[in-house]
Protein chains: 2
Amino acid sequence: MPSRKQRELFEREQLILDTAQAMLHQHGYNYLTMDRIAKKVEYSKGTIYNHFSSKEDLVCSLCCRCISNLIEIFERACQYPGPTRERYCAISIGYSLYHQLHPMDSQNIQTVKNNAIREKLSDEKLAEMQSLEHTITQLTQSIVQQAIDCGDLDKKYTKDISSIVFGLWSMHYGALLLNQSDIPLNALGFNPVVNMLWKNTNCYLDGLQWRPLSASINTNKLFDKISTALFQDEVNKLKV
Amino acid sequence: MPSRKQRELFEREQLILDTAQAMLHQHGYNYLTMDRIAKKVEYSKGTIYNHFSSKEDLVCSLCCRCISNLIEIFERACQYPGPTRERYCAISIGYSLYHQLHPMDSQNIQTVKNNAIREKLSDEKLAEMQSLEHTITQLTQSIVQQAIDCGDLDKKYTKDISSIVFGLWSMHYGALLLNQSDIPLNALGFNPVVNMLWKNTNCYLDGLQWRPLSASINTNKLFDKISTALFQDEVNKLKV
DNA sequence: GTAATAATATGACGATTCGTCAAAAAACAC
DNA sequence: GTGTTTTTTGACGAATCGTCATATTATTAC
């Protein structure tokens, strides 16, 4: 039961974050200053600093909100009732859709990976973010475990569960970063990143012999099936 | 035929870069200032600005040096005389070894991916870096093309060459970034990143049915064979 | 060899932005 | 209504970037 005080404080914090996010998206990182945020939210700079101990901590808080949104997506994927491979694919699809729908959020997440920023983070914020990231890996890991338990994935991979989680993670993370970097992938002859990522994910899972293999199904239909079942909202928003 | 003038200018530029790199590695990004660099190299700040139009351009130049080093590694891998799959693996191994040997270089490369920095880059530096990155993708692509031409990789993948290049690239890039981020992979139960990456690369190539499949060979021995043949220096330095 | 000219180097300076803190304002207690 | 605590404020000091008028060095002309 939060008191009125606490509620107001929380709401103001959200207002600050929303304002910062809008400013970041509209005018870029270097336009984002504490003074500008203060002016926009009509509180003084000192008050902003009562909420966030540094500009970096503020940006990291934005990042944490984004990761929380991703966790919600991952949790939905984990509920998917089909075979384990489809459930694992659901994570991949959710991840892709989320980043298509909120490309700026990906930038927030990446911003904090930068050393110039990270060096200045408070220990508390860093711990908060790491805890969220931990949650994400745990969710992913649970599906691999289920696949081994039910025989969809060979038992010999029991020792490699973390490698497999890391495989999906690194592939998606790398794809996302390359996509949002200024590297002109189109001009270099690359297909849309979401398509490539979906192909590559299936290819990787085939390499693991994670059943059912993609040769036996229509992967395009599977993509539609999963996204319709779990991410209807996101798909609709993307269509607009 | 560079004149004495030009030579001196070039050498001073290298001195500035070396100094900046050392400072960056020893004390982090936020300690690196133009005034400190100027003091250390015993030239004035204005002179530094004659070489680099901004702090960001200077850091990007560091990044370009690192990418050039990587290109040298990739070119060596492309010379590897074995089957195409092994040649492709050689790129993977070279990439891993390079980042193990020069973990700070990876940070340089990533620093420039950050928006806060990228927003301030001059068009020229950005173009320079993109040109280097283009070279890297071209080298990788050529091996996939060879594999299709000689039948090691099924012809049906002709349309997917860029996807396959992107698969290797994103997986390695993501792994590298995750590795150097502060996410405590060890504590989260992950194996060493280089091992996981090697397993995942083979798994992905198996999924493509890129012959010879890893079931028919000893991947650990292959790793040793390639690294001995191409990257003896790097391996020795790592052992020390 | 010297004077005129061009090229280069210098560091004081203005501008920006961060984060602080003493003082003012508001909220609260009684 | 008065005194106390909490919160807010914005002027300020510090750090750093990038500039530019001036000083220094190099080159050319004669």
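Sequence lines set the chain letters: A, B, ... in the order given, protein chains first and strands last, and positions in each chain run from 1. FYI, side chains are in, hydrogens and waters are out, and symmetry mates aren't considered; it's all heavy atoms of this structure.
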*Asks:* Decide salt bridge (Lys or Arg N to Asp or Glu O under 4.0 Å) for A/Arg12 and A/Glu8; before the verdict, give the C-alpha distance in whole Å, the side-chain angles of both, and the deciding distance to 0.1 Å.
*Replies:* CA-CA 6 Å; A/Arg12 190 167 63 193; A/Glu8 281 175 4; over 6 Å; no
*Asks:* Without decimals, in angstroms, what is the distance between B/Ile117 CD1 and D/dC17 C1'?
*Replies:*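 Rounding to the nearest Å, CD1 of B/Ile117 and C1' of D/dC17 are 13 Å apart.
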*Asks:* State which residues pass side chain to side chain donor-acceptor pair (under 3.5 Å) with A/Gln100; sequence neighbours excluded, sorted by chain then number.
*Replies:*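 Scan of A/Gln100 (side chain to side chain donor-acceptor pair (under 3.5 Å), adjacent residues dropped) gives none.
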*Asks:* If I take atom NE2 in residue B/His51 and atom C1' in nucleotide C/dA7, what distance separates them, rounded to the nearest angstrom?
*Replies:*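 Roughly 14 Å, once rounded to whole Å.
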*Asks:* Rounded to whole angstroms, how far apart are NZ on B/Lys39 and P on C/dG11?
*Replies:*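 It is 11 Å, rounded to the nearest whole Å.
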*Asks:* Using only heavy-atom distances, determine whether the side chains of B/Gln180 and B/Gln110 contain a donor-acceptor pair under 3.5 Å.
*Replies:*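 Checked: B/Gln180/B/Gln110 side chains pair up, N/O donor to acceptor below 3.5 Å.
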*Asks:* Whole-Å distance between D/dG18 P and B/Ile48 CD1?
*Replies:*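 So the two atoms are 12 Å apart, to the nearest Å.
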*Asks:* Just report the end-to-end axis angle for the helix from C/dG1-D/dC30 to C/dC30-D/dG1, five pairs per end, to 10 degrees.
*Replies:*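 Nearest ten degrees gives 0° for this helix.
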*Asks:* I need the CD-P distance between A/Glu42 and D/dG10, as an integer number of Å.
*Replies:*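 One finds 11 Å between P of D/dG10 and CD of A/Glu42, rounded.
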*Asks:* Are any of the side-chain nitrogens in B/Glu119 or B/Lys113 under 4.0 Å away from the carboxylate oxygens of its partner?
*Replies:*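 A salt bridge is absent here (no side-chain N lies under 4.0 Å from a carboxylate O).
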*Asks:* Roughly how many Å is it from CG in B/Asn50 to C1' in C/dA7, rounded to a whole number?
*Replies:*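 So the CG-C1' distance, B/Asn50 to C/dA7, works out to 10 Å.
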*Asks:* Can you give one letter per nucleotide of nucleotides 13-29 of chain C, going 5' to 3': B for a protein heavy atom under 4.0 Å from the base, S for sugar-phosphate only, - for none?
*Replies:* ----SBBB------SS-
*Asks:* Going by an N to O cut-off under 4.0 Å, is there a salt bridge joining A/Asp35 and A/Lys40?
*Replies:*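 Not counted as a salt bridge, because no side-chain N and carboxylate O are separated by less than 4.0 Å.
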*Asks:* Taking atom types as modelled, is there a side-chain donor on A/Gln79 or A/Arg87 under 3.5 Å from an acceptor on the other?
*Replies:*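 Result is no, nothing qualifies.
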*Asks:* Please report, rounded to the nearest Å, how far the C1' atom of D/dT7 is from the CD atom of A/Glu8.
*Replies:*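 That distance rounds to 12 Å.
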*Asks:* Within the structure, does a side-chain N or O atom of A/Ser44 lie under 4.0 Å from either OP1 or OP2 of D/dT8?
*Replies:*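 Indeed not, no polar side-chain atom of A/Ser44 lies that close.
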*Asks:* Could you check whether the rings of A/Tyr95 and A/His99 sit parallel, tilted or perpendicular, using 30° and 60° as the cut-offs?
*Replies:*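 Perpendicular.
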*Asks:* Does the A/His134 side chain pair with the main chain of A/Gln130, one donor and one acceptor, at a distance under 3.5 Å?
*Replies:*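 Judged by distance alone, no pair lies under 3.5 Å.
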*Asks:* A/Glu128 vs A/Lys125, test: salt bridge (Lys or Arg N to Asp or Glu O under 4.0 Å). Steps then yes/no.
*Replies:* CA-CA 5 Å; A/Glu128 183 187 338; A/Lys125 265 295 161 210; 2.8 Å; yes
